[in-house]
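A quick write-up on the structure given underneath.
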Amino acid sequence: MKKRTKAVHSGTRRSQYGEVSEAIFLTQGFVYETAEAAEARFLQSGDDEFIYARYGNPTVRMFEERAAALEGTEDGFATASGMAAVNGALTSMLKAGDHVVSSKALFGSCLYILEDILPRYGVDVTFVDGDDLAAWQAALRPDTKAVFFESLSNPTLDVVDIKAVSDLAHAVGATVIVDNVFSTPVFSKAAELGADVIVYSATKHMDGQGRALGGIILGTREFIRKTVEPYLKHTGGAMSPFTAWIMLKGLETMELRVNAQADTALHFAQGLQGHVGLANVIFPHLQDHPAYELSKAQMDKGGTVVALDVKGGQAAAFKVMNKLQIFTISNNLGDAKSIVTHPATTTHQRLSEDQRASLGITPGLLRISIGLEDADDLLEDFQQALNCLD
Ligand SMILES: *Cc1c(COP(=O)(O)O)cnc(C)c1O
């Protein structure tokens, strides 16, 4: 089956009623015919046997199977949020004394896990510039258990070479964990490029309509069922069945939505290039992006986020935000509605000024998540806002 067919059919489990649309099993638990059956299921539960919704649930299982089929991995574990997925992927496999190498250009909460939480439990973390292969090579050690990076970083859209970093990591036996949100599940080739574990915030493109928080960890059956599941089922980061249903239905339309959003994002970025009010337009599939060739090879389209550096710093950036008519000021991304975010004062506020500067998060930087509106309407809206600057 090709991706679009899998997006509609993979993972479907029909009940005895033969429903067309996937059922929502809003139940915390499951009954057993006999005491012996309960004992047997706790000992070893089969594919269609469930115990307790923190461990697994038919609606959640449908979502896990569909997401894994789309990504091309053997299995997946759904979580309550994207951060539960990032934390679950890392914490389930690490122990005190282990070493991790991570790119430093990370979403604020990911940075918190790697910089604050893991070291508290005795995990040694080395940070590198994600696009510097020599730095990855130098940081990797025989005791490196995992490498972690965002394949396309938030919000400055730095590109990490998944294949090259995976090859280096595998040479020392480390597991490659990729936060692939900005690359989107639609354009991802992470599994075939060598990533072992792929993590998504389902809140973003999988839902795509701003309704629910969720996440998923994708990988081999061995890793998901032997390492991730025991950790998550006992620590409580499970996805709710209702959320899983939203995400399942989101996956059915994801490819159509994300392709349209990515086309509009390119049109938007091209249309704003060279605007007098902008110091920089960042989009991976613009020819002047430093990793243009790599991102073309790694992703069929450039994603759905554009970063713009407004001349005149924070005051000018705020002025532009407040003039926008169609874009909403918020901090989600991948949504049907186009969204503008000022990272320095919101998503990346916690970072020091120096950290922000080293990541390219300037006071004038705006992160634009392109939605499903008309491409020309979006461009014109942004142009009229920029034209209000003198
Ligand atoms: C949003 C996001 C997350 C966290 O996802 P939540 O669903 O908000 O918990 C993690 N990584 C990246 C790159 C994100 O954009």
Side-chain angles (χ1 to χ4, degrees), residues 60 63 67 76-91 102-118 130 148-160 162 177-188 190 195 197-218 232 235-240 242-244 246-247 250-251 254 258 261 265 282 284 299 303-307 330-335 339-343 346-351 359-361 365-371:
V60 176
F63 166 63
F77 197 96
T79 56
S81 69
M83 287 321 304
V86 171
N87 184 59
L90 287 163
T91 317
S102 170
S103 66
K104 65 181 187 187
L106 298 179
F107 174 62
S109 301
C110 294
L111 192 63
Y112 182 72
I113 291 177
L114 284 137
E115 201 175 38
D116 288 71
I117 299 180
L118 291 180
F148 181 82
F149 57 88
E150 292 175 12
S151 52
L152 187 59
S153 76
N154 176 11
T156 47
L157 308 176
D158 298 339
V159 182
V160 175
I162 300 175
I177 304 175
V178 181
D179 179 335
N180 217 27
V181 167
F182 276 58
S183 298
T184 84
V186 174
F187 306 129
S188 171
V197 182
I198 302 156
V199 175
Y200 288 104
S201 163
T203 317
K204 312 294 167 56
H205 305 88
M206 290 188 179
D207 174 5
Q209 287 147 89
R211 299 165 295 190
L213 280 179
I216 191 157
I217 305 168
L218 299 161
L232 272 158
T235 55
M239 176 179 277
S240 101
F242 185 71
T243 296
I246 290 174
M247 299 306 176
L251 289 184
M254 179 172 67
V258 169
Q261 286 166 277
I282 307 170
M299 294 168 67
T304 65
V305 175
V306 179
S330 188
N331 35 257
N332 190 21
L333 62 97
D335 198 284
I339 288 169
V340 58
T341 311
H342 184 250
T346 61
T347 52
H348 292 70
Q349 188 189 80
R350 205 182 63 81
L351 273 57
L359 295 175
I361 305 171
L365 191 80
L366 293 179
R367 185 185 82 187
I368 314 293
S369 169
I370 296 293

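Counting starts at 1 for both ligands and their atoms, in listed order.
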Given side chains that start at C-beta, do those of Val178 and Phe149 come closer than 4.5 Å, heavy atoms only?
-> yes

Atoms of ligand 1, numbered as shown, that sit under 4.0 Å from any heavy atom of Met83 = 4 (C), 5 (O), 6 (P), 9 (O), 10 (C)

Counting heavy atoms only, name the option from Asn87, Asp179, Val181 that's nearest to atom 11 (N) of ligand 1.
-> Asp179

In this structure, atom 2 (C) of ligand 1 is nearest to the protein heavy atom Lys204 NZ, 2.5 Å

In ligand 1, the atoms that come under 4.0 Å of a heavy atom of Ser81 are 7 (O), 9 (O)

Note the single closest protein heavy atom to atom 7 (O) of ligand 1, along with its residue, its atom name and the distance in Å.
-> Thr203 OG1, 2.6 Å

Taking all heavy atoms of Phe63 and all of Gly215, pick out the closest pair and write down the distance.
-> CE2-O, 4.3 Å

Hey, does Leu90 have a side-chain heavy atom less than 4.5 Å from the side chain of Ile117?
-> no

Please tell me if the side chains of Met299 and Pro284 come closer than 4.5 Å, counting only heavy atoms from C-beta onward.
-> no

Ser153 side-chain N/O to Asp158 backbone N/O, donor-acceptor pair under 3.5 Å = yes

Give a yes/no on ligand 1: does Gly214 have at least one heavy atom closer than 4.0 angstrom to it?
-> yes

Protein heavy atom at shortest distance from atom 6 (P) of ligand 1 | Gly82 N, 3.3 Å

Close-contact set for ligand 1 against Phe182 heavy atoms, below 4.0 Å | 15 (O)

Under the side-chain contact (heavy atoms from CB on, under 4.5 Å) rule, what do Val181 and Leu333 come out as? Steps first, then yes or no, please.
-> CA-CA 9 Å; Val181 167; Leu333 62 97; 4.1 Å; yes

